[in-house]
Amino acid sequence: MKQGAATARSNIALVKYWGKRQARLNLPAVGSLSITLDALATETTVRFDSAFESDDLVLDGERRPEQLERVSQCLDIMREMAGVSLHAHVASANNFPTAAGLASSASGFAALVAAANAALGLDLSERDLSILARRGSGSAARSIFGGFVEMYPGQDDDGLDSYAEPLLAAQDWPLEVIVAITAQGRKAVSSGSGMARSAASSPYYGQWVATHAQDMDVARSAIAARDFEALATVSERSCLKMHAAAMATTPPLIYWNGVTVECMHAVSAMRRRGVPVFFTIDAGPQLKAVCEPTAAAAVRSELAEMPGVIETLHTGLGPGVEATVSAP
Ligand code: PMV
């Protein structure tokens, strides 16, 4: 029996990833830049044992055979690296709502590859873990690291140049995030199929890709200078460009509900009043308001009072993936 465990945090992209340059190795068409969220964590245990007849996945206490294929694909690569053919049982628990657009796949695959690395004694570098996590989910490559993180799209066909790297530690610019939950339940269209459909039919997809690198440059400089206003402007622009490309897809991909839109207006109005806050939204209806710590309490109470907001979560920026001691 070989067992390992790890904890990883979710992340949200400020400059978004949307679209793949190669589907087989899950290579992104564009880079991305994210922050890792301290309070949204996944803890995963991986156990390899000769007694197991197949791989198995239990997520938040429920068996999830429909999600096993992507997990087994990651494990197959790692089994081959370790020269091991044992099946594995994976148990994963999120401390936040799964698949409500809060990037459970990001923390999930980062924790999975780190736990399997510990179990198999592979001693892989963080870069190798980032490359492996990317195979499961593009955003997972970023959850290997804490604070502000950049993901490179790379150019090579083997994908070995497509990984994430830390840009700035969490404590060096300790922004905070309020998540406004505006709907419960799983999203209708996964980001993977949404991206494929946008690339195939959105007239704005080409422009999204063509104008992306300049947003990355602006965001990188804003972070280096701790320039909140510049980061706010480029982050909202990247979010709205991604959603514009998605909305113009046939059939359309509208990830927001009415409450999401009301929250966007509320955040914009707060910033006009001088509150240091901006919004970002992934492929789902939840709004994330990124703010300076001094503004967090006011931002949270304003969003919590918006009609239709079900719940708010408050988090700081967190560390990268951590291997943990697993129960025997
Ligand atoms: O890595 P995936 O398949 O979860 O896709 C992530 C896509 C977005 O969340 C919309 C943007 C991003 O960069 O995280």
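Note that ligands are numbered from 1 as they come in the structure, with each ligand's atoms numbered from 1 the same way. Basis for what follows: all heavy atoms, side chains included, without hydrogens, waters or symmetry-related copies.
Within 6.0 Å of OH on Tyr204 lie no more than 12 heavy atoms contributed by other residues, nucleotides or ligands. The local environment of CD in Glu80 is sparse, with at most 12 non-hydrogen atoms from other residues, nucleotides or ligands closer than 6.0 Å. Atom CG of Asp156 has more than 12 neighbouring heavy atoms from other residues, nucleotides or ligands inside a 6.0 Å radius.
Proximity to Ala283 (heavy-atom distance under 4.0 Å) selects the following atoms of ligand 1: 10 (C). Within ligand 1, the atoms closer than 4.0 Å to a non-hydrogen atom of Ser105 are 4 (O), numbered from 1 in the order shown. For ligand 1, the atoms lying closer than 4.0 Å to a non-hydrogen atom of Arg142 are 12 (C), 13 (O), 14 (O). For ligand 1 and Ala13, the ligand atoms under 4.0 Å from any heavy atom of the residue are 12 (C), 13 (O), 14 (O). Heavy-atom contacts of Ser137 reach the following atoms of ligand 1: 1 (O), 2 (P), 4 (O) (cutoff under 4.0 Å). Using a 4.0 Å cut-off to heavy atoms of Ser191, the atoms of ligand 1 that qualify are 2 (P), 3 (O), 4 (O), 5 (O). With ligand atoms numbered from 1 in the order given, ligand 1 contributes 1 (O) to contacts under 4.0 Å with heavy atoms of Gly138.
Evaluation of the ring pair (Phe, Tyr, Trp, His ring centres under 6.0 Å) rule for Tyr17 yields no partner, not counting sequence neighbours. Applying the side-chain hydrogen bond (donor to acceptor under 3.5 Å, both in side chains) test to Thr260 and every residue at least two apart in sequence or in another chain returns Asn257.
Taking the six-membered ring for Trp and the full ring otherwise, the centers of His89 and Phe52 sit less than 6.0 Å from each other.
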### Task
Quick one: do Ile35 and Val177 satisfy side-chain contact (heavy atoms from CB on, under 4.5 Å)? Show the steps, please.
CA-CA 10 Å; Ile35 46 179; Val177 179; 3.9 Å; yes
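For atom 10 (C) of ligand 1, the nearest non-hydrogen atom from the set Met195, Met151, Met242, Arg134 comes from Met242.
For the pair Gly192 and ligand 1, no heavy-atom separation below 4.0 Å is found.
Polar contact with ligand 1: present for Ser139 (N/O pair, distance under 3.5 Å). Every N/O-N/O distance between Ser32 and ligand 1 stays at or above 3.5 Å. Any N or O atom pair closer than 3.5 Å counts here, and Tyr17 shares at least one such pair with ligand 1. In terms of N/O distances under 3.5 Å, ligand 1 is not approached by Ala140. Where the criterion is an N or O separation shorter than 3.5 Å, residue side chain and backbone included, Lys20 fails it with respect to ligand 1.
The aromatic rings of Trp173 and Phe148 sit parallel, their planes meeting at an angle under 30°, below the 60° perpendicular limit.
For the pairing with Pro28, the side chain to side chain contact (heavy atoms under 4.5 Å, CB included) check across Lys20, Gln22, Met151 returns one residue only, Met151.
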